[in-house]
Amino acid sequence: MNQQDLSIKVFKALGNPVRFKIMKFLCDGPKCVCKLNEEFEYSQANLSQHLRVLKDSGLVKSEKVGLEMHYQIYNDKIKDVIYNVEDYVKDFLNDIK
């Protein structure tokens, strides 16, 4: 996979509302999958699919801590992307009013 393909994969992963919300939730720090289940109230299978897409696109990584699986943002640079997009949208919405 080349750089452009992976960039497209990242944007596709973030383009899903559930995955975007998961990423925002993980911006606060690592979370065990049980906390993700509490926050998003999706089936374990559905949440696992979303986490797999985020992991496959290089956005999150997982680590087993005791009996729990913890997920965290792979690299803090993606936080800047998320926050910059939110700032852009906020400015854009203010401009079109």
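Numbers here simply count residues along the sequence, with the first being 1. Not measured: the values here are computed from a predicted model.
- Because its NZ or CZ atom is not both nearer than 6.0 Å to the ring centre of Y71 and within 45° of the ring axis, K31 does not count as a cation-pi partner of that residue.
- If you chain together hydrophobic residues whose side chains sit under 4.5 Å apart, I22 and F11 never meet in one group.
- For K79 and D76, the salt-bridge test passes: some basic side-chain N is under 4.0 Å from an acidic carboxylate O.
- Inspection of the Q44 and S48 side chains reveals an N or O donor paired with an N or O acceptor under 3.5 Å.
- L54 is not connected to I8 by any chain of hydrophobic side-chain contacts under 4.5 Å among Ile, Leu, Val, Met, Phe, Trp and Tyr, and they are in different clusters.
- Rounded to the nearest 0.5 Å, atoms NE2 (H50) and CE (M23) are 14.0 Å apart.
- Under the 3.5 Å distance criterion, with hydrogens and angles disregarded, no donor-acceptor pair is assigned to the side chains of K12 and S57.
- A salt bridge links D56 with R52: the distance from a Lys NZ or Arg NE/NH1/NH2 to an Asp or Glu carboxylate oxygen falls below 4.0 Å.
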Evaluate N94 against K90 for side chain to side chain contact (heavy atoms under 4.5 Å, CB included), listing each step before the verdict.
CA-CA 6 Å; N94 284 334; K90 184 176 160 186; 4.1 Å; yes
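- If you take OH on Y88 and CG on L93, they are separated by 9.5 Å, rounding to the nearest 0.5 Å.
- Put simply, the side chain of N84 gets close to the backbone of D80: a donor and an acceptor are under 3.5 Å apart.
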Could you go through the salt bridge (charged side-chain N to carboxylate O under 4.0 Å, His left out) check for E39 and K21 one step at a time?
CA-CA 10 Å; E39 180 72 18; K21 288 176 187 175; over 6 Å; no
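- Closest approach of C27 to Y83, counting heavy atoms only: CB-OH, 3.4 Å.
- The main-chain N or O of A13 is found under 3.5 Å from a side-chain atom of R19 such that the two form a donor-acceptor pair.
- V33 and V65 end up in different hydrophobic clusters when Ile, Leu, Val, Met, Phe, Trp and Tyr side chains are linked at under 4.5 Å.
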Show your reasoning for whether side chain to side chain contact (heavy atoms under 4.5 Å, CB included) applies to K61 and Q72.
CA-CA 6 Å; K61 58 184 174 181; Q72 67 184 43; 2.9 Å; yes
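- Side-chain contact, H70 with E68: a donor N or O sits under 3.5 Å from an acceptor N or O.
- Proximity of L47 to N37: side-chain heavy atoms (C-beta onward) are separated by under 4.5 Å at one or more points.
- Put simply, F25 and L51 are part of the same group of oily side chains (I, L, V, M, F, W, Y) that touch within less than 4.5 Å, one to the next.
- Linking ILVMFWY side-chain heavy atoms closer than 4.5 Å, directly or via other members, places L67 and L36 in two distinct hydrophobic clusters.
- Residues N2 and D5 approach most closely at OD1-N, 2.7 Å, considering heavy atoms.
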